[in-house]
Amino acid sequence: ATPQIWTAGNPNRVVIDNRRDAMVERDITWAPGLRWRQQYVSVGAHRFPVYMFVAQPNPATLALRPIHANPNMARGIEPILTTAQRQQVAGAVNAGVFNRNNQLPLGAVRNAGQWISGPILGRGAMAWNDRGDLVMDRLALSESVTVGPSESFSILAVNSGYVQAGIGRYTDGWGASYTPIVDNEIVVTVRDNQVTNRQTLGKAGTGSVPIPADGEGYLLALRSNRPAGERFAPGTPVLLTSQSQPAIFEQYPNVVGGGPLLIRDRNIVLNPQLEGFSTNFIEGAAPRTAVGKTSDGTWIIATVHDRVGGRGPTLSETAKIMQQLGAVDALNLDGGSSSSLYLGGQLLNRQPRTAARVNNGIGLFVLGQE
């Protein structure tokens, strides 16, 4: 391999690296409140290349918002490069987990107060407002519907591709219509707090039901629950209750879920079993995407790649890397071939041909420039 030679500060030094995996360390001010930084971070005897944004959101200069492969519905995947260019963002990073086969999100995505996809399994999530105030915690959404005078049913998930026996709720954040995810679903249409239609659908992936638009209603998809379906006769009143847990998430219009939660209040709190992740995922070493918050509220948006001479970081190593970068709270997001950091028209951390198509990401919008 051709030797790479560069200078670096802190301390001042000349670095000569003849490895194919050499990364040039950089720290560049890209826009007001946005730095592009890439550096090696050591954990024990291992050195990891980290590509990152150091961002200080400000309503006048830099906004961060969820972005989607398909702006009109929850379903869809494409390279983050494509999504970023279509949405004309300055920077972007991949975000939440999704099902690559049916292209549906598997975790929390809320954009400007509207759920595109609800949280699942109490997994780690991050929430923020237009000022860039950021909170992270394990997130659940507790919802139920009361039918008639007193009979109550729990909602398992909202706008979710994660299905199990019970009731799922779907709003127009999911799209203009709903197509069944499993066979023989009973789909109930609720408008103005009243059942207006009930029908049994056939094979998964066939047929569709329109979803009430403009927040005027929603659908309930009943799976393996025929007795409950009888309670939702047309004309029956339905009362919905909904509450985020922890409740502070209610105050933030933007939410992206991932998991596992890595750091909370400066402490590593990694517990992937608690968040329902598989053993293979827990034990794996792979490239990672993570977001952290420093003590002064600065965002660290990082992708971590294969260690020098080896594989990518474990979840534990990722937590330690984010801690070294100054994060007092940190969340793991989708990783592996999904990990993609985009800035100014190109990917910083990998060749585009190696980047997987993803469902959603976080876009960085530079404001106040012509």
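Since we're looking at a predicted model, the values are computed, not measured. Throughout, numbering of the chain's residues begins at 1 and tracks the sequence.
- Both the sub-6.0 Å distance and the 45° axial angle are not jointly satisfied by Arg26 relative to the ring of Tyr51.
- A donor-acceptor contact shorter than 3.5 Å links the side chain of Thr171 to the backbone of Gly173.
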Before giving the answer on side chain to side chain contact (heavy atoms under 4.5 Å, CB included), spell out for Leu201 and Gln199 the whole-Å C-alpha distance, their side-chain angles and the decisive distance to 0.1 Å. CA-CA 6 Å; Leu201 302 183; Gln199 54 192 303; 3.9 Å; yes

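- No more than 12 heavy atoms of other residues, nucleotides or ligands shown are found within 6.0 angstrom of CZ on Arg266.
- Residues Ile300 and Leu270 share a single hydrophobic cluster, defined by chaining ILVMFWY side chains whose heavy atoms lie under 4.5 Å apart.
- Put simply, Val188 and Leu239 are part of two different groups of oily side chains (I, L, V, M, F, W, Y) that touch within less than 4.5 Å, one to the next.
- The nearest pair of heavy atoms linking Ser340 to Ala355 is OG-CB, 3.7 Å.
- Residues Arg311 and Asp306 are not paired through a salt bridge, judged by the lack of any N-O separation under 4.0 Å between the basic side chain and the carboxylate.
- Counting heavy atoms from C-beta on, the side chains of Thr318 and Leu262 come closer than 4.5 Å.
- Within the 6.0 Å centre-distance limit, the rings of Trp299 and Trp128 are counted as a close aromatic pair.
- Between the side chains of Ser278 and Asn280, no donor-acceptor pair of N or O atoms lies under 3.5 Å.
- Side chain of Arg123 to backbone of Gly107: no donor-acceptor contact under 3.5 angstrom is found.
- The shortest non-hydrogen separation linking Ala112 to Asn254 is N-OD1, 3.1 Å.
- A donor-acceptor pair shorter than 3.5 Å can be found between the side chains of Ser242 and Glu143.
- Side-chain contact between Thr146 and Val238 is absent, with no heavy atoms from C-beta onward closer than 4.5 Å.
- For His305 and Phe48, the ring centers are positioned 6.0 Å apart or more.
- Side-chain atoms of Gln273 and Ile282, non-hydrogen and from C-beta on, do get closer than 4.5 Å to each other.
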Worked verdict on Asp172 versus Tyr218 for side chain to side chain contact (heavy atoms under 4.5 Å, CB included): CA-CA 7 Å; Asp172 59 352; Tyr218 50 87; over 6 Å; no

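- Note on residues 180-191: pairs passing side-chain hydrogen bond (donor to acceptor under 3.5 Å, both in side chains), not counting sequence neighbours, are Tyr178-Glu185, Glu185-Arg223.
- Within a 6.0 Å radius of CG in Asp130, other residues, nucleotides and ligands contribute 12 heavy atoms or fewer.
- If you run side chain to side chain donor-acceptor pair (under 3.5 Å) between Asn94 and each of Thr289, Asp334, Thr83, only Thr289 comes through.
- The two atoms that bring Met136 and Lys293 nearest to each other are CE-N, 4.5 Å, heavy atoms only.
- Remark: side-chain polar atoms of Tyr342 are paired, donor with acceptor, to backbone N or O of Gly345 under 3.5 angstrom.
- Applying the ring-ring contact (aromatic ring centres under 6.0 Å, His included) test to residues at least two apart or on different chains, the pairs with a partner in residues 138-159 are Phe153-Phe232.
- Side-chain atoms of Glu275 never come within 3.5 Å of backbone atoms of Gly122 as a donor-acceptor pair (strictly under, hydrogens ignored).
- At least one donor-acceptor pair under 3.5 Å links the side chain of Tyr170 to the backbone N or O of Ser160.
- Linking ILVMFWY side-chain heavy atoms closer than 4.5 Å, directly or via other members, places Ile268 and Ile321 in a single hydrophobic cluster.
- Taking the side chain as every heavy atom from C-beta outward, Pro253 and Asn129 approach each other to under 4.5 Å.
- If you chain together hydrophobic residues whose side chains sit under 4.5 Å apart, Val158 and Val209 never meet in one group.
- Judged as a ring-ring contact (aromatic ring centres under 6.0 Å, His included), not a single pair has a partner in residues 56-88 (not counting sequence neighbours).
- Although no hydrogens or angles enter the test, the distance criterion places a donor-acceptor pair under 3.5 Å between the side chain of Arg100 and the main chain of Arg357.
- Cluster membership for Val304 and Ile263, using ILVMFWY side-chain heavy atoms within less than 4.5 angstrom, is shared.
- Gly363 approaches Phe365 most closely through the heavy-atom pair O-CD1, 3.7 Å.
- Across every non-hydrogen atom of Leu364 and Ala55, the tightest pair is CD2-CB, 4.4 Å.
- Within the 4.5 Å cutoff, the side chain of Val366 has heavy atoms near those of the Leu62 side chain.
- Taking every heavy atom of both residues into account, Phe249 and Ser244 meet most closely at CB-CB, 4.0 Å.
- In this structure, Asp137 contributes its side chain and Leu139 its backbone to no donor-acceptor pair below 3.5 Å.
- Glu78 places no side-chain N or O within 3.5 Å of a backbone atom of Asn359 that could act as its donor or acceptor partner.
- Ion pair Glu317/Arg288 not flagged as a salt bridge, since none of the NZ, NE, NH1 or NH2 atoms sits closer than 4.0 Å to an Asp/Glu carboxylate oxygen.
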Side chain to side chain donor-acceptor pair (under 3.5 Å) evaluation trace for Ser42 with Arg47: CA-CA 4 Å; Ser42 295; Arg47 295 174 71 228; 4.6 Å; no

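- A donor-acceptor pair under 3.5 Å links the side-chain atoms of Arg75 to the main chain of Asn102, judged by distance alone.
- In summary, the side chains of Thr241 and Ser144 do present a donor paired with an acceptor at a separation below 3.5 Å, with no hydrogens or angles considered.
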